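Not measured: the values here are computed from a predicted model. So that the names make sense, note that chain A is the first sequence line, chain B the second, and so on, each numbered from 1.
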2 protein chains.
Amino acid sequence: MARISMEDVAERAGVSITTVSRVLNNTNHPVSEKTRKKVMKVIQELDYKPDISAQSLRQSFNNIIALITRDISDPYFGEMARGVTETANKYGILTFVCNTGRNPENEIQYHELLWQHRVRGIILGGGGLNLEAYKIKLQEQMNRYKDNGHKIVSLAPQGFDMDYVMIDNRGTGELITDYLIARGHTSIAYISGPQNTYTAFDRLEGYKLCLKKHNLPYDDLMIAYSDNSWKGGYEAANILLDRSIKFTGICCGNDNLAVGALRAFKERGLAVPEDVSVISIGDLPNANYTAPPLTTVRVPLYEMGAKAVNIIMSDDTQEYNANIIFKTVISERQSVSNIK
Amino acid sequence: MARISMEDVAERAGVSITTVSRVLNNTNHPVSEKTRKKVMKVIQELDYKPDISAQSLRQSFNNIIALITRDISDPYFGEMARGVTETANKYGILTFVCNTGRNPENEIQYHELLWQHRVRGIILGGGGLNLEAYKIKLQEQMNRYKDNGHKIVSLAPQGFDMDYVMIDNRGTGELITDYLIARGHTSIAYISGPQNTYTAFDRLEGYKLCLKKHNLPYDDLMIAYSDNSWKGGYEAANILLDRSIKFTGICCGNDNLAVGALRAFKERGLAVPEDVSVISIGDLPNANYTAPPLTTVRVPLYEMGAKAVNIIMSDDTQEYNANIIFKTVISERQSVSNIK
DNA sequence: TTGTAGGCGTTATCAT
DNA sequence: ATGATAACGCCTACAA
């Protein structure tokens, strides 16, 4: 059962390949109903499917999009990937998932490869890194894509101007801080992701802003930095607990950090939310299954991924150029208490 | 900055495109050191990269592999995807992640698309479904691929003969049951994934076998079925607790189910492991961050994914035909107690 | 050691 | 309404 081409179809239907192409692509060019039916029938019989390599060689774009993730085993990117791949599938297009393992060099390399593949569009899953050399190189790549009509959409701030579908990270940092303050907390610690990522930076900025707004003192000792992992959250929480500070509430830059912190608190004999309230950002599916269930901000990762695909597939330049911010809302569960 | 082709390179270097191709692909065909250097230099200057669509049209395979997952937001598939994509990247090839959302029709559709893309190999991430129509269709696709020299590797049992990299699911089901029995448990419940998936079926078989081996009675009421989600585990645990049965230990077909069960037990005021011991299969990264940390079997998903890619990329037919079983080992943590 | 030419499977332009 | 033909960019006999 070898591969069959248009030629096979044409031959069997007794028409030219041109005609086959025409019925297949539903072009304006007129084709008699009779031949159309005949060709369709043969296509069915032979189970013919056009070869995509040939198509994209001829046209100059592909029916492929790419999603760049930092760690696809992290449910954060997983949820995003689900939104992207499932939406792409609706358009009949396939998705390259490019996992960088948080290595900027890998990311640049991926862009070279994607360029070679002439992918139709690229979705940047992770937030930008504030490293000058990396940013310059990345921007170069972005421009090359754009100049050739490929579309790029980011799902997190990159530190330079481009099209995006995001949440308001700073605003969300404010939101969670405000939530604790509104419940009587005045000593609030913070576990942040890496400060060279814009996402983590912006969220922490929101926290700082919120304290200032409420005339609460800001203290560097109340902040611990880590990567975005469970382990990182666990370690950061321990660092905070080892410092000579007191806090009744803690904001975590994302759910993973909160999960790690939860374990640290438990080990130290601190009850959540009785002794310390925990709030974070993410609302990943398992936030419902921590002990206690986590109060956290829902980030519509699936919808963001889906939207990015829609933008890439849309011919509407206006929509493309629109920068989109998704609203965030707190999912109230049981990790925050009211103190009086 | 338009796309540049071999022709551009050839022209600028003052040679034919054949020569360019030869230096690029390092063929046996002799090329003088001088021209080689000259061509290389121009390639650098122009930053030329071969067009992959053209390459794969000419050759009859691609530098693309595909991974079929059921739910990419589930860390189980996430970890697998990480192994696959990162290993693929080492070979300089890209990975389509095809998420079926557990819909068999989607899976079949994906195979059509992958066929059109002439992907070099396909990795079946999820276990087979025991549905006759689906199995027949799938096998048809598999044969088409094979007949055309594409490679297919499965990471879970499919219910028919094919190349695979797996764990021994039945053996692992036995392993966890044995573990509880060895610690004095004689009333052991079981939460299983869907019975029409071979993976879940085999694991449960292992449990049954193990009971028989130890002359322990088997009781249908001790089994609850669900999907493989947190929610499913939560619900299944509640169902078991509502029945008129007693158990001191419970085996969960996978980590997600265990996480859900943990929450159900907590809500019902049952302490783990004091009142009920929990063991499962998976050892996903967050098994360390449940309360209490989960005793569970490590399934080397990353390594399995990596191995599958190596097999696909290998020219060694022998290795290809070898069916590979990875060993599983229990990660002992704190969710199982010894009862006397 | 280098180059010429044909073809991979499409689509699009131009005739008929 | 239909068809011949030239690309798209690359690889590879076959010639020179």
Side-chain angles (χ1 to χ4, degrees), chain A residues 2-40 42-43 46-64 92 113 115-120 148-149, chain B residues 2-40 42-43 46-64 113 115-120 148-150:
Chain A
R3 288 199 175 263
I4 57 176
S5 68
M6 269 196 174
E7 202 176 347
D8 302 316
V9 177
E11 194 178 350
R12 176 133 166 196
V15 297
S16 71
I17 52 172
T18 312
T19 305
V20 178
S21 173
R22 287 207 262 256
V23 316
L24 213 71
N25 298 317
N26 266 319
T27 64
N28 305 335
H29 205 100
V31 176
S32 82
E33 209 38 44
K34 205 170 122 198
T35 32
R36 160 166 277 119
K37 281 222 175 97
K38 190 168 52 181
V39 171
M40 287 299 240
V42 176
I43 288 178
L46 263 43
D47 192 27
Y48 164 75
K49 296 280 159 58
D51 182 306
I52 294 186
S53 295
Q55 282 182 328
S56 52
L57 176 58
R58 187 53 232 258
Q59 309 172 152
S60 49
F61 64 93
N62 241 334
N63 270 324
I64 300 178
L113 219 47
W115 169 255
Q116 290 187 61
H117 276 278
R118 300 167 169 253
V119 295
R120 183 172 185 141
N148 283 270
Chain B
R3 288 199 176 263
I4 57 177
S5 70
M6 269 196 174
E7 203 177 345
D8 301 317
V9 176
E11 195 177 350
R12 177 133 166 195
V15 297
S16 71
I17 51 173
T18 313
T19 306
V20 178
S21 173
R22 288 207 260 257
V23 316
L24 213 70
N25 299 317
N26 265 318
T27 65
N28 304 335
H29 205 100
V31 176
S32 82
E33 208 39 44
K34 204 170 123 197
T35 29
R36 160 166 276 118
K37 280 221 175 99
K38 191 168 52 184
V39 171
M40 287 298 239
V42 175
I43 288 178
L46 262 45
D47 192 27
Y48 165 74
K49 296 280 158 60
D51 182 306
I52 294 186
S53 295
Q55 280 182 328
S56 52
L57 176 59
R58 185 54 231 266
Q59 308 169 160
S60 49
F61 64 92
N62 241 335
N63 270 324
I64 300 178
L113 219 48
W115 169 256
Q116 290 187 61
H117 276 277
R118 300 166 170 253
V119 296
R120 183 174 188 139
N148 283 270
H150 304 212

For the pair made of CD1 in A:I43 and C1' in C:dG9, what is the distance, rounded to whole Å? 14 Å
Atom-to-atom span, CG of B:N26 to P of D:dT12 - whole angstrom: 13 Å
Is any side-chain N or O of A:T35 closer than 4.0 Å to OP1 or OP2 of D:dT2? yes
Below 4.0 angstrom from OP1 or OP2 of C:dG3, is there any side-chain N or O of B:T19? yes
Do A:N148 and A:W115 have side chains that approach each other closer than 4.5 Å (heavy atoms only, starting at C-beta)? yes
Would you kindly give the NZ-to-C1' distance between A:K34 and D:dA1, to the nearest whole Å? 12 Å
Tell me: CZ of A:R36 to C1' of D:dT2, nearest whole Å? 13 Å
Side-chain H-bond candidate by donor/acceptor type, A:T35 with A:S32, under 3.5 Å: yes
Value in whole Å for how far the C1' atom of D:dT2 lies from NZ of A:K38: 11 Å
Heavy-atom side-chain proximity of B:R3 to A:R118 below 4.5 angstrom: yes
Side-chain donor/acceptor of B:N25 to backbone N/O of B:T27, under 3.5 Å: no
What string of B, S and - do you get for nucleotides 4-10 of chain D, 5' to 3', if B is base contact, S is sugar-phosphate-only contact and - is no contact with any protein heavy atom under 4.0 Å? BBBBBBB
Determine whether a donor-acceptor pair (N or O, by modelled atom type, separation under 3.5 Å) exists between the side chain of B:D8 and the backbone of B:S5. yes
Does any non-hydrogen side-chain atom of B:R120 lie less than 4.5 Å from one of B:I64? no
From NE2 of B:H29 over to C1' of C:dT2, roughly how many Å is that when rounded to an integer? 7 Å
